Amino acid sequence: MEVIVILLPLAVILGLLFIGGFIWMTYQGQYDDLKSPKYKMLLDDYKKKDGGDELNGH
Amino acid sequence: METMPAQIALNLPAQLACVHCDGPVLIAIYDHKNDLEHSKPFCCHGCLTVYQILQLQGLDQYYDIKNQMGAFRRRTPVEVEETKYLYIDDEEFLKEYSYQNSHDDQVMEFYLEGIHCLACLWLIEKLPLFVSHVNSSRLDLSKSVAVVTLDKSGKFSSVAQQFNQLGYRPHPLKKNQESNQLKMKEERQNLLRIGIAAAGANNVMLYAISIYVGATDVYARAFSILSVLFALPVLTYSAFPFYKNAWQSLKNKTFSIDLPISVSLLLGFGMGLFHFFQGMEDNYFDSLTALVFLLLLSRYFLKKIQENALSTQDLHYFYLGESVLRAKNETLTDFEEIHSKYLSVGDRLKIPAGHFISADGKIIRGDSYLNTSLLTGESAPVKVGPGDLVLAGTQNVSSEIIMEASKVKNETRLGGILKNVENGRNLRAPIVEWTDIVSKYFIIVVFALSAGLFAYHGFFHGNFKLAVEQSLVLLIVTCPCALALSVPLTFTRSLGKAAAQGIMIKNDATLQKVSEVKSIFLDKTGTITHGKMEVVNFKLVDENFNTKKLFQLILTLEQNSKHPAAYALLNFAHKHGTTSVDLTDYRETPGVGVEGNFDGKHYQINREGFFEDGKLIAEFSFTDTVRSDSKSIIQNLLNRNFNVQLLSGDKFSVVKEVAKVVGLNESRIRAMLSPEEKNRIILETPRSMMVGDGANDAIALANAHVGVAMHGSMDISLRAADIYLSTPGLKSVEKIIILSQETMKVIKRNLILSLAYNSVSIFLAMSGKISPLAAALIMPMSSLTVLLSAFIGTKKLRALWK
């Protein structure tokens with residue numbers, strides 16, 4: 001049971017980290033458009049298959 | 001006289017699909033005219049142009065992406081408007097529609113018509129590659145809104161032209177930075193509330209379970225502390241909307257479901273803290289946080305579904321088109337392109353063929369045909385000439401006219417209709433859902449009982465600790481969260497499933513209203529019928545005439561005409577697989593027909609038929625054909641005891657013919673109706689469902705108990721209607737009715753379940769048989785049962801979703 005002394009703070013810190021990350025991402029605008037990114041993700045695969053990245057514009 | 005030889009009718013070529021839009025190809029246009037084998041077929045020049053642009057820019061990957069999308073194909077040809085969008089570069093216009101971002105770039109938002117899939121998204125975001133000065137282009141698929149940034153020397157008109165050329169008709173959106181920012185902030189806050197509630201609930205649950213399974217002493221204390229720590233933000237920040245709504249309802253002296261939720265949350269919160277400071281382990285934070293999370297989540301999904309992509313203020317421009325050609329001088333030779341909002345009375349406007357008319361007024365010059373079906377429902381084009389009155393919202397079909405505007409914007413007949421539509425939506429009384437009534441009484445009863453229980457234990461027996469605990473148990477265990485959760489979730493699920501099948505239902509109230517419908521009014525054009533002309537009663541008068549040559553000549557004569565009848569004839573000729581011939585002296589006379597010379601003979605097609613040197617060779621007539629499934633569905637609806645009626649602006653004889661085909665007797669048809677008359681019939685009939693297509697039904701759609709707009713109707717109908725069908729035909733109407741009835745069944749079942757649960761738990765809680773711990777365990781169980789019931793649905797619902 002003594003291991004809880006280490007595990008408990010670890011779990012709490014982990015939990016807080018994720019909450020913090022979520023808040024940060026929300027303010028970064030990552031969740032503003034919930035529909036298009038899931039498609040954009042698929043498009044990246046196409047680019048890789050083509051071998052070229054010139055269409056990326058960067 | 002003989003009807004068409006059978007072997008010709010059987011000789012149908014395989015239907016070609018356009019490479020760009022996947023729509024059916026009537027007259028194939030090939031990209032390599034001289035090498036048909038390596039050529040690809042297109043349905044129109046618009047589609048071919050887009051294809052060539054993409055090839056030229058090395059963007060042909062578009063087609064790979066598109067072809068992987070299957071169901072999301074466009075299937076409508078590209079329509080390129082002949083406009084340069086020069087009005088966008090007007091300084092006055094830019095001031096209102098564009099803004100600068102932090103990098104000093106100009107930003108403008110466009111609503112794009114015709115966005116349909118992933119490939120569109122890909123293409124739009126590639127814009128900086130082939131339009132100079134564009135720095136970035138982002139598309140929000142859910143709203144069909146593209147945000148384009150330009151460097152200082154760029155012009156938005158060139159961006160708009162490019163969109164137009166690609167087949168996405170652009171509509172600049174008014175900058176609305178403040179309200180948009182406010183909306184975005186609210187959206188983010190909603191997400192934060194849900195996220196924090198989820199994290200909090202999960203962590204609290206973890207520690208609570210540890211306590212339930214027997215953690216003791218210092219461990220139990222540590223778990224308690226952590227529970228409180230994680231529950232605090234959930235019960236304050238995340239749950240804030242509940243408190244706010246509850247406070248509002250108290251102020252307005254109404255009962256809302258947020259009231260008992262807030263009281264339970266606050267009481268549980270207080271009690272939990274009280275227990276915590278007294279050193280006791282059992283608190284209710286696990287169930288309270290879970291409750292907050294689940295309620296927030298279901299409300300968020302509901303809100304997402306109800307959100308409408310565009311606000312109504314852009315409606316007018318949508319409908320009238322934005323750019324207008326206004327005469328710069330008295331001689332009517334020079335025209336400038338302006339935005340229709342800057343139109344004024346007395347302006348002289350040029351309306352090219354195919355354009356919509358933006359103002360009411362009189363024709364000064366030119367003869368043409370107008371498609372007035374949007375206003376009158378009349379399917380045949382109307383002939384107009386100088387001096388005739390024309391109305392905004394009608395389409396100039398055949399040739400260019402010049403008109404003088406006498407009424408503009410809201411003063412036009414169309415503007416009046418639009419105003420009516422908006423009023424119709426505001427006036428519609430929100431029906432009081434009977435679930436609300438049930439929960440309202442339920443809340444009153446529970447509060448009364450809790451107060452009674454508190455008084456009983458507190459004042460009669462003097463045990464205030466027990467009094468608080470027992471009344472809290474009652475409030476928690478009878479919290480109508482099963483009730484609050486199951487009804488919206490069942491609706492949301494049904495709406496979502498319907499949307500996946502192309503049936504857009506505005507809100508859950510609409511779905512309930514469908515189940516109350518007794519009378520169904522069907523518009524004829526485009527609803528029961530296909531909404532376009534087809535050739536019927538084709539008779540070869542001269543039996544010796546070569547049919548192959550006949551179809552070749554029809555095809556050649558009609559391929560350049562824009563008259564709707566010409567399309568019908570083209571389609572008909574093409575079905576018999578012909579190629580064109582070389583004509584000389586081709587001429588189209590509006591209102592008369594087309595003519596030309598071939599092989600030394602004069603050929604003519606007019607209203608009466610097909611002529612060779614003035615001699616009748618073949619005769620035919622045109623009709624709008626009835627959809628193949630209309631009859632069976634109308635009969636099904638009649639068998640279900642619906643009062644089905646046919647409403648039309650068309651002539652009685654035409655409507656009667658259609659009614660006969662679908663098996664409706666004469667007492668069920670009404671012809672020659674104006675939009676106002678249709679509306680009157682709808683208003684006189686309670687519990688009516690109006691199924692219509694086009695703006696002429698807009699008022700009726702808005703005022704019907706349920707308005708259903710069909711595929712192909714204008715944006716205006718969609719906004720006026722409660723339901724929009726993206727798949728043609730009445731099949732979807734039948735689906736909506738089944739969906740609604742079955743959804744209501746599931747909801748009633750869930751209400752019975754949750755009310756039964758609550759009645760039993762009230763009884764148990766009143767007799768003091770439930771401990772706070774048991775209450776916290778039983779409550780989520782009831783919610784779970786109801787949730788499961790909502791997701792399982794009924795047999796008919798599952799069949800519908802397949």
Side-chain angles (χ1 to χ4, degrees), chain A, chain B residues 57-59 61-62 64-65 68-69 72 117-122 124-129 134-145 147 183-185 187-196 198-200 202-204 206-207 210 215-219 222-223 225-226 229-230 233 304:
Chain A
M1 278 297 261
E2 280 72 32
V3 75
I4 282 186
V5 178
I6 304 162
L7 284 182
L8 209 56
L10 212 65
V12 172
I13 289 167
L14 215 60
L16 289 178
L17 270 180
F18 277 112
I19 295 176
F22 175 71
I23 294 171
W24 180 74
M25 285 189 282
T26 306
Y27 280 113
Q28 285 289 304
Q30 297 232 7
Y31 302 109
D32 286 355
D33 175 3
L34 293 173
K35 199 176 168 190
S36 315
K38 66 181 176 193
Y39 294 115
K40 287 177 187 168
M41 172 187 79
L42 292 172
L43 288 175
D44 287 334
D45 280 341
Y46 278 99
K47 276 177 208 155
K48 271 177 212 147
K49 212 167 67 184
D50 258 22
D53 207 15
E54 73 278 5
L55 288 181
N56 223 344
H58 298 294
Chain B
Q57 306 287 352
L59 296 171
Q61 205 190 339
Y62 174 87
D64 296 339
I65 300 170
Q68 306 245 335
M69 294 304 292
F72 298 104
C117 72
L118 176 59
C120 300
L121 173 80
W122 180 84
I124 299 296
E125 304 216 331
K126 291 279 170 282
L127 203 67
L129 288 183
V134 175
N135 280 345
S136 78
S137 167
R138 309 287 292 173
L139 178 75
D140 187 335
L141 256 186
S142 51
K143 298 188 201 119
S144 293
V145 170
V147 183
K183 222 184 130 197
M184 191 180 78
K185 228 173 139 184
E187 186 77 359
R188 286 181 179 176
Q189 201 156 42
N190 283 340
L191 278 173
L192 276 179
R193 288 208 162 101
I194 295 171
I196 286 169
N202 281 316
N203 279 295
V204 170
L206 197 70
Y207 305 125
S210 310
T216 47
D217 308 329
V218 67
Y219 295 117
F223 292 143
I225 294 171
L226 287 172
L229 187 83
F230 277 103
K304 278 277 133 187

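What's counted below: heavy atoms across the whole structure, side chains too, no hydrogens, waters or symmetry copies. Note that the structure is a prediction, hence the values are computed from the model and not measured. By convention in this document, chain letters (A, B, ...) are assigned in the order of the sequence lines, proteins followed by strands, and residues within each chain are numbered from 1.
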Taking side chain as everything from C-beta outward and backbone as N, CA, C, O, which of these in A:F18 sits under 4.5 Å from a heavy atom of chain B? Side chain, backbone, both or neither. neither
Turns out that what part of A:I19 lies under 4.5 Å from chain B's heavy atoms comes down to side chain
B:I196 and A:I23: side chain to side chain contact (heavy atoms under 4.5 Å, CB included), yes or no, with the steps? CA-CA 9 Å; B:I196 286 169; A:I23 294 171; 4.2 Å; yes
Among B:A199, B:G195, B:P128, B:A222, residue most engaged with chain A (heavy-atom pairs, under 4.5 Å): B:G195
Checking B:L206 now: which residues fulfil side-chain contact (heavy atoms from CB on, under 4.5 Å) with it, not counting sequence neighbours? none
CE on A:M25 to CZ on B:R188, rounded to 0.5 Å: 13.0 Å
Measuring heavy-atom distances to chain A, does B:L192 have an atom under 4.5 Å in its side chain, in its backbone, in both, or in neither? both
Please classify the contact between B:E125 and chain A as side chain, backbone, both or neither, with a heavy-atom cut-off of under 4.5 Å. side chain
Over all heavy atoms of both residues, which pair between A:L16 and B:F230 is shortest? Give the atoms and the distance, please. CD2-CE2, 4.3 Å
On a heavy-atom basis, the closest approach of B:L191 and A:F22 is O-CZ, 3.4 Å
Show your reasoning for whether side chain to side chain contact (heavy atoms under 4.5 Å, CB included) applies to B:N190 and A:Y31. CA-CA 11 Å; B:N190 283 340; A:Y31 302 109; over 6 Å; no
